[in-house]
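Notes to accompany the following structure.
By convention in this document, chain letters (A, B, ...) are assigned in the order of the sequence lines, proteins followed by strands, and residues within each chain are numbered from 1.
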Amino acid sequence: MLQTFRLILKTVRYVGWSLFWLLIWDIIVTAYYMLFLDSRVSFPLMPLTLVGSALVVLISFRNSSAYNRWWEARTLWGAMTNNSRSFAREVLTLVDDPDGLNPVKATLLRRQVAYTRSLAAQLRGEECPTEVATLIPAEEYERRSQTNNFANNVLQGSAALLAGEYRAGRLDSIGFMRLESTMVELSNCQGGLERIANTPLPYPYAYFPGLFISLFCMIVPIGLVDSLGWFTPLASTVAGFMLLVIERIGADLQSPFQKSEHQIQTDALCANIQKNLDAMLRDAARRGARARVAS
Amino acid sequence: MLQTFRLILKTVRYVGWSLFWLLIWDIIVTAYYMLFLDSRVSFPLMPLTLVGSALVVLISFRNSSAYNRWWEARTLWGAMTNNSRSFAREVLTLVDDPDGLNPVKATLLRRQVAYTRSLAAQLRGEECPTEVATLIPAEEYERRSQTNNFANNVLQGSAALLAGEYRAGRLDSIGFMRLESTMVELSNCQGGLERIANTPLPYPYAYFPGLFISLFCMIVPIGLVDSLGWFTPLASTVAGFMLLVIERIGADLQSPFQKSEHQIQTDALCANIQKNLDAMLRDAARRGARARVAS
Amino acid sequence: MLQTFRLILKTVRYVGWSLFWLLIWDIIVTAYYMLFLDSRVSFPLMPLTLVGSALVVLISFRNSSAYNRWWEARTLWGAMTNNSRSFAREVLTLVDDPDGLNPVKATLLRRQVAYTRSLAAQLRGEECPTEVATLIPAEEYERRSQTNNFANNVLQGSAALLAGEYRAGRLDSIGFMRLESTMVELSNCQGGLERIANTPLPYPYAYFPGLFISLFCMIVPIGLVDSLGWFTPLASTVAGFMLLVIERIGADLQSPFQKSEHQIQTDALCANIQKNLDAMLRDAARRGARARVAS
Amino acid sequence: MLQTFRLILKTVRYVGWSLFWLLIWDIIVTAYYMLFLDSRVSFPLMPLTLVGSALVVLISFRNSSAYNRWWEARTLWGAMTNNSRSFAREVLTLVDDPDGLNPVKATLLRRQVAYTRSLAAQLRGEECPTEVATLIPAEEYERRSQTNNFANNVLQGSAALLAGEYRAGRLDSIGFMRLESTMVELSNCQGGLERIANTPLPYPYAYFPGLFISLFCMIVPIGLVDSLGWFTPLASTVAGFMLLVIERIGADLQSPFQKSEHQIQTDALCANIQKNLDAMLRDAARRGARARVAS
Amino acid sequence: MLQTFRLILKTVRYVGWSLFWLLIWDIIVTAYYMLFLDSRVSFPLMPLTLVGSALVVLISFRNSSAYNRWWEARTLWGAMTNNSRSFAREVLTLVDDPDGLNPVKATLLRRQVAYTRSLAAQLRGEECPTEVATLIPAEEYERRSQTNNFANNVLQGSAALLAGEYRAGRLDSIGFMRLESTMVELSNCQGGLERIANTPLPYPYAYFPGLFISLFCMIVPIGLVDSLGWFTPLASTVAGFMLLVIERIGADLQSPFQKSEHQIQTDALCANIQKNLDAMLRDAARRGARARVAS
């Protein structure tokens, strides 16, 4: 019970002031109708139903598109995680260690973290974060403003390092191609994420549900007051509350990288990738040390 | 007939106490209206219809999203099964047997089982199960708390073993890459499963259907009692029963790894993988023995 | 006209006795109301509409899920066909023929047919069919009960044969991997089919539409009799007929391998694969003979 | 305005005679009711609404399934085009030219056109077209009736030619596999197209919308005549017209290879592939000639 | 508030004159009914509801199909971007540099831009833009009218250049195949885009929503005037406005390459690809120069 109440409170805060203004409006309409209108004009419900069903079609389409965008963005970040792990595993197992753990492995894993961090910032439209500076050479970090897609250049830098290993004979041709395939996957994830970040929903789908819901909420008390009397504010505020919540979540989900309660937690995902890659590097170092002791 | 009755009973148990409280409420409302209200106030059906159709949109969206999550989780576990079999087949056919069945094959198949078992536990938010300790080296099992993703490290361990076979000349480069591709697939399945386990439905979709259905069930008898009289509890309990069942199944399916009647049976799937892999290893051993006898 | 009538008749047989009982019930309700009830109690249509729209949501979800399962199963069997043909083409072109057509080619194509046949039986929950015994070695067929997934072991047997060709130098490493990739695809199709066969729809989705439709059909005449009078049985039987047909097809499609008019015709698909593979083998033999004559 | 009128006329022709019979029926019902029925029996609208909403669910499901089948078929033919181009590009760049343009290249590109043409005929259930005889050896064309899938045998023939080039040392192993991967894609497209052509929609979905719409159109004037009077034929013919158009397009799209205004234009697509391949061959010949001149 | 007003204004301009004519019509109907009709004929709402719900089904299907086409086109252009980057990265890392940066790399990157530019023009049904002439040899540009798919020939030209590098020993076999795989992806994106550009929605879906919405908007005031009186023009214009906006956006999205406010910004996407490729080439040149200095 208490939990339900807390949930309702949380939701009320989620919707915010709109709900308050709606309540005020509902009360004004009801009071005016009950106190000052003598003739008791009866407003037909037909237009309410008409607008209502057009609204339902529009909102359910918008919200499911918004959810699909959000879920696709989340799926692509998930794939970014998987591919980062696969990239790390392939770097650790396919590149040779002439003596001790090849230092390029640690470099590549760090670069992969830098890649995801700079991509995350790019998607939010932010500057490349300073922690990236600790992961890649300073000189490379300086050039971040000379390109319109720094993450892509970081990835190309990793590819160049791998090409160096290949030409130095520490990575065979087939292994190199396996790593290149993983980088193709990373590129595809990046491209998909950029597509979602750069292509908003067509604006009629993005803004109209909010507009029409406001309109509808303003009409509702006029349509109901004749039959519900003084209960009108209660009924129409509850109905409006539902609509405002549904509208709000659609508006949040349609831009999955913009600041909102439901935005994709890219920083947490990047931190997770970093932890996974650190653990893998530690394991590989331990295994290598043991192998050297054994031989 | 009897079967239908048993099915209804099972469903009633599935919904549980909510149904009972709903019935009580329906009876109270009806009794109060029929016995104490003189003026027979007529409540209009309009708000009921309004809330009802908003509810239908919300619930049908929620339930189909929940079902899609559940089915995607099931599909990914299915892919985990296929890829485990493919991994086993590739290990058994691509790695050379210098004399007798190469013992690393049995090790790798056991590790694959350990991988699926530890992943299943991770997804449910549980500790790594003790049976995993019998499948991998004790020392590796000890390190399970030093990483935030033990399953991933088990997989990397298998990759390191394969790299050892490759460097020892018992697995050629192309075969190694074929196995690495299968491990990429395994990583992708793991990542997809983690995505579903770690990203719940946005909470308005997760909790509101339940909230609004409760609200709706409480309003229904008030709206119906005027026209249905003493039949109200029957009609509104039946209608509420349907809604509660639909709500419950959506709530269950949206978290496919949490304890519920519909949760993904990860343990059964892991046991199945283990049986398949055991049968494949047995076949390979028999075939190898026959080949040695023949030569 | 006649064709339409035949179609209706076919559909009536498809729905079966339920329709008859529904008609009886409709007549009883109407007769009782028209003949014995004096006060002409008026039942409101509201609960009918309420239950009706919840029903529509539930059924349309169930039926589209069921159709998707059915179509996915059909798609996977289609992919099984394609991959079998690709497997055959690769065996025929990639494996060397030291003198005359390499006999292992015919063996592998027969084994592929055995694989699809035993998988089809497995999916229907049947014993491995006896015709498989003519396609694989007797000794292997004997072991069919020692494993919980015989089809998988047949596929592994083919992989072992290919590995033999590879070690004997009649198949190069890259060709072997191409064949292994095709076997990965076959494994994936098999896994997808097993997933559909082994994971039924969550039972509320599977059984409730039938239950609620029965309930709804029983309520309909009560709601209509007041306004339609003696036409009630006609109207409510026609409406019930539509609902029963929709329910029935959903129930059939949700288990695409179980005996029903719409089940996937796995035997016909297997026979088709066999014909395709026979024609391909015949072509290859003719081409090989001509090449030998020419040289 | 004129364009709108022309569009309506085109649509009326699209629906055809059904519309005329519907109009006649509407007039008969209206005239009978207005002229001969004295008591002005009032038919309730409830059954009309009931049947109407069941119809909407059924039709919207059928039409979206039909559209998906049609679009999937179109997508697969599109993929057939892409893969034919990729196949041609790979043949032209990967196979060596010992002196002048290797004649097998032109042969393989012609065979690819023969493959698409014979597949298109197969999907429509027609005989292999005679123009295929000009593209492949006469002897091979003769054998078209000895197989149940001639297109597949044509593809296998191309694979055998490529295997010949490989064994003759004019195509390396890895290039051969790249071409084999493209042929796997072609097989998959072919299989998908055959699946759509051979598996119709379950017949209740295919035939019932038409049946129920006819029934509904017959009931509509009876339900409306009481309130609309002499305007009934107009209103119910317009409503029926919409339903008949929606039904008709669903019926057309569900069998995308059968003769209808919306059928997939397979012949145009094949002609397009042929033109693309001719232009690519011409370019390659020109480039080769220039290279020989230069050297 | 002001922002909301600006949004409404923007939308009104988006819908255009239709809205004005609708308003005129609504006023005429209302005035005629209020001033000249004595008997106050009551028109039933039933046909309005009937046509309305058929309309909702039709429009929601059309709009979601149109949106899917638009989003698929956008996704394919996104994939074109990713694959162009991957192509550039592979060219830059896999092709050898005998002395200094191999000049073929810059050529191939320029050709890739030419490929996307000529494809973008092709999709819009325009001439190949003149800026392509600066990116490829003049002689090749001249031949643009001799083929029905110039973009495809540009891609084949790049493949021929890569084949030249391969035969000259500056690109190994496996790297060549990796690049060929990327070109297969480019072909697939091209094919998908051509499919969307060349296959419009079946015309009943494309034109009927507009037709039926016009019809519906004309009927609405007739149905409402009886109950709403002089408020009719307001109510029915607002309802019609919503419908016209929804119709308009569907009509725009269904042809994602045709001139409209929502068309895919292919030129901006091509410019973006060009910038990315330029930055990658610059980085590679700098890296190469440093390596030469170091050695």
Applying a strict 4.5 Å limit to non-hydrogen atoms, the region of Ile249(A) in contact with chain B is side chain
Gly191(B) and Asn82(A): which non-hydrogen atoms are nearest, and at how many Å? CA-OD1, 2.9 Å
Looking at Asn83(A), Asp252(A), Asp96(A), which makes the most heavy-atom pairs under 4.5 Å with chain B? Asp96(A)
Tell me, for Phe176(B) versus chain A, whether the close heavy atoms (under 4.5 Å) come from the side chain, the backbone, both or neither. side chain
Which one, Ser86(A), Ser236(A), Gly175(A), leads in non-hydrogen pairs under 4.5 Å with chain B? Ser86(A)
Measure distances from Tyr166(B) to the heavy atoms of chain A and classify the residue's part below 4.5 Å as side chain, backbone, both or neither. side chain
Would Arg74(A) and Thr199(B) count as having a side-chain donor-acceptor pair, cut-off 3.5 Å? yes
Quick one: do Arg85(A) and Glu194(B) make a salt bridge, cutoff under 4.0 Å? yes
Contacting region of Leu94(A) [heavy-atom separation from chain B under 4.5 Å]: both
Are side-chain heavy atoms of Ser65(B) and Trp71(A) found at a separation under 4.5 Å? no
Looking at CG of Leu58(B) and CG of Leu243(A), how far apart are the two atoms once the value is rounded to the nearest 0.5 Å? 10.5 Å
With only heavy atoms counted, which part of Asn272(A) is less than 4.5 Å from chain B, the side chain, the backbone, both or neither? both
Tell me, side chain or backbone of Ser60(B) under 4.5 Å from chain A's heavy atoms, or both, or neither? neither
Validation row: Pro204(B), Arg248(A) side chains within 4.5 angstrom (heavy atoms): no
In this structure, CD of Gln156(B) is separated from CG of Asn276(A) (nearest 0.5 Å) by 10.5 Å
My understanding is that only one of Asn149(B), Asn152(B), Thr147(B) makes a side chain to side chain contact (heavy atoms under 4.5 Å, CB included) with Met280(A); could you say which? Asn152(B)
Please check: side-chain N/O of Arg282(A) versus main-chain N/O of Gln146(B), any donor-acceptor pairing under 3.5 Å? yes
SB check Arg290(A) Glu139(B) (cutoff 4.0 Å): yes
Hey, does Met177(A) have a side-chain heavy atom less than 4.5 Å from the side chain of Met177(B)? no
Please verify the inter-ring angle class for Phe241(A) with Phe212(B); under 30° counts as parallel, over 60° as perpendicular, anything in between as tilted. perpendicular
Quick one: do Phe208(B) and Val245(A) satisfy side chain to side chain contact (heavy atoms under 4.5 Å, CB included)? Show the steps, please. CA-CA 9 Å; Phe208(B) 280 26; Val245(A) 166; 2.9 Å; yes
What part of Glu185(B) is in contact with chain A, defined as an atom under 4.5 angstrom from a non-hydrogen atom: side chain, backbone, both or neither? neither
Contacts of Ser173(B) that satisfy side chain to side chain donor-acceptor pair (under 3.5 Å) - sequence neighbours left out: Asp172(A)
Work out which heavy atom in Arg178(A) is nearest to a heavy atom in Val184(B); give both atom names and the distance. NH2-CG2, 3.6 Å
Considering only heavy atoms from C-beta outward, does the side chain of Glu140(B) approach that of Asp283(A) to under 4.5 Å? no
Evaluate whether atom CD of Gln258(B) has more than 12 neighbouring non-hydrogen atoms of other residues, nucleotides or ligands under 6.0 angstrom away. no
Minimal non-hydrogen separation, Ala159(B) against Arg89(A), with atom names: CB-CD, 3.6 Å
Do Leu162(B) and Thr93(A) have side chains that get closer than 4.5 Å, going by heavy atoms? no
For Arg69(B), is it the side chain, the backbone, both or neither that has a heavy atom under 4.5 Å from a heavy atom of chain A? side chain
Counting heavy atoms not belonging to Trp230(A), are there more than 12 under 6.0 Å from its CH2? yes
Leu215(B) portion near chain A, given a 4.5 angstrom heavy-atom threshold: side chain
Closest non-hydrogen atom pair, Pro200(B) against Trp70(A): O-CH2, 3.9 Å
Any non-hydrogen side-chain atom of His262(A) less than 4.5 Å from a side-chain atom of Tyr205(B)? no
If you draw the axis of the six-membered ring of Trp77(A), does the NZ or CZ of Arg195(B) fall within 45° of it and under 6.0 Å from the ring centre? no
Got more than 12 heavy atoms from elsewhere within 6.0 Å of OH, Tyr207(B)? no
Per-residue contact mode, Asn188(B) against chain A (heavy atom under 4.5 angstrom): both
Nearest 0.5 Å, please: how far is CD in Glu90(A) from CE in Met183(B)? 8.5 Å
